[in-house]
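Order of the sequence lines sets the chain letters (A, B, ...), proteins ahead of strands, with each chain counted from 1.
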Amino acid sequence: QQQVKQSPQSLIVQKGGISIINCAYENTAFDYFPWYQQFPGKGPALLIAIRPDVSEKKEGRFTISFNKSAKQFSLHIMDSQPGDSATYFCAASKGNYGGSQGNLIFGKGTKLSVKP
Amino acid sequence: NAGVTQTPKFQVLKTGQSMTLQCAQDMNHNSMYWYRQDPGMGLRLIYYSASEGTTDKGEVPNGYNVSRLNKREFSLRLESAAPSQTSVYFCASSYSYGSGYEQYFGPGTRLTVT
């Protein structure tokens with residue numbers, strides 16, 4: 001049972017374009033939704049995160065849009081740059097951080113390539 | 001701060017051999033995790049330790065054991081390696097803050113079982 005579904009698997013965007021990656025979740029108890037960025041040969045790193053009490057969060061060129069009723073959230077990368085080329089993972093967890101309730105459930109990842 | 005460190009970086013095992021993957025963090029985090037990453041499968045949790053002295057199974061624990069040696073160290077042991085355990089293994093530690101929590105990942109161990 002895949003609790004967090006991520007699409008697309010891969011994405012090619014021209015430099016300066018907008019990259020959009022989507023995730024859908026099933027468990028309505030999830031209340032924390034982070035995005036992780038992973039470069040080849042490295043471990044994932046937290047990029048941006050949102051809680052369901054807001055519909056949008058922006059940090060620089062990265063924006064999370066959250067639709068609670070549809071149980072969907074997405075990552076938008078504005079003015080995409082070749083340096084953004086990486087694999088992006090969405091994730092979700094419930095609120096009891098550090099215990100079994102707080103473990104992150106990851107999507108399967110999206111490989112983004114930004115062409116110069 | 002070194003963050004989360006893992007050893008070794010690469011390892012090749014023959015089927016049936018055993019080995020221990022080491023992980024240490026210097027951020028004073030209570031929780032630590034072991035994941036495996038396979039192509040197209042994302043990150044899957046093997047075991048986690050919510051605090052020193054406790055460990056629990058994650059999504060894919062079969063064939064693995066863990067030890068939370070102290071607050072800093074969390075090791076993963078393969079008792080009898082199988083080709084299906086060929087993967088990249090990541091250790092992570094986490095802390096919580098007001099509106100969420102962040103997991104810090106190590107650089108990974110690439111394991112091949114032949």
Side-chain angles (χ1 to χ4, degrees), chain A residues 1-10 21 23 25 27 30-54 57 59 64 66 73 86-111, chain B residues 2-6 9-10 21 23 25 27-61 68 71 88-110:
Chain A
Q1 181 185 0
Q2 188 182 351
Q3 295 193 60
V4 179
K5 294 183 179 180
Q6 183 171 348
S7 63
Q9 278 188 297
S10 62
I21 304 170
C23 280
Y25 63 97
N27 191 336
F30 288 148
D31 66 352
Y32 175 66
F33 303 91
W35 285 88
Y36 279 78
Q37 179 187 54
Q38 184 181 28
F39 293 105
K42 305 291 186 183
L46 179 66
L47 183 63
I48 187 173
I50 197 169
R51 293 183 65 94
D53 51 346
V54 297
K57 182 174 181 180
E59 290 184 2
I64 300 180
F66 186 82
F73 58 109
T87 300
Y88 292 82
F89 294 95
C90 62
S93 75
K94 304 170 209 175
N96 187 12
Y97 310 124
S100 62
Q101 299 296 310
N103 289 338
L104 289 172
I105 308 296
F106 284 88
K108 292 189 175 183
T110 297
K111 186 173 182 180
Chain B
V4 179
T5 57
Q6 292 184 236
K9 285 186 166 46
F10 301 94
L21 282 65
C23 173
Q25 53 94 8
M27 296 174 282
N28 202 35
H29 291 168
N30 286 324
S31 300
M32 298 186 73
Y33 310 81
W34 275 105
Y35 293 91
R36 61 177 289 173
Q37 184 176 35
D38 303 292
M41 296 296 293
L43 290 145
R44 293 184 291 170
L45 184 65
I46 305 171
Y47 270 92
Y48 67 98
S49 171
S51 61
E52 186 179 355
T54 69
T55 61
D56 283 289
K57 296 177 180 179
E59 180 186 356
V60 288
R68 183 73 182 266
K71 191 171 186 179
V88 181
Y89 292 85
F90 288 100
C91 177
S93 67
S94 72
Y95 82 102
S96 62
Y97 53 94
S99 59
Y101 82 115
E102 179 168 356
Q103 287 194 15
Y104 288 83
F105 285 80
T109 294
R110 188 174 295 273

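- Within 6.0 Å of CD on A:Glu59 lie more than 12 heavy atoms contributed by other residues, nucleotides or ligands.
- Between chain B and the options A:Pro44, A:Gly43, A:Gly109, the largest number of non-hydrogen pairs under 4.5 Å is found for A:Pro44.
- Contacts of A:Tyr36 with chain B are made by side-chain atoms alone, with heavy-atom separations under 4.5 Å and no backbone atom involved.
- At a 4.5 Å heavy-atom cutoff, B:Tyr104 makes no contact with chain A through either its backbone or its side chain.
- With chain A as the partner, the residue from B:Lys9, B:His29, B:Gln37 showing the most heavy-atom pairs under 4.5 Å is B:Gln37.
- Ranked by heavy-atom pairs shorter than 4.5 Å toward chain A, the options B:Arg44, B:Met41, B:Met32, B:Arg110 are led by B:Met41.
- Contacts of B:Gln6 with chain A are absent, with no heavy-atom separation under 4.5 Å from either backbone or side chain.
- More than 12 non-hydrogen atoms from other residues, nucleotides or ligands lie less than 6.0 angstrom from NZ of B:Lys71.
- Contact annotation for A:Pro34: neither backbone nor side-chain heavy atoms come within less than 4.5 Å of a heavy atom of chain B.
- Contact annotation for B:Leu45: only side-chain heavy atoms (C-beta onward) come within less than 4.5 Å of a heavy atom of chain A.
- Among all heavy-atom pairs drawn from B:Phe90 and A:Gln38, the shortest one is CZ-NE2, 3.3 Å.
- Rounded to the nearest 0.5 angstrom, A:Asn103 CG and B:Tyr35 OH are separated by 6.5 Å.
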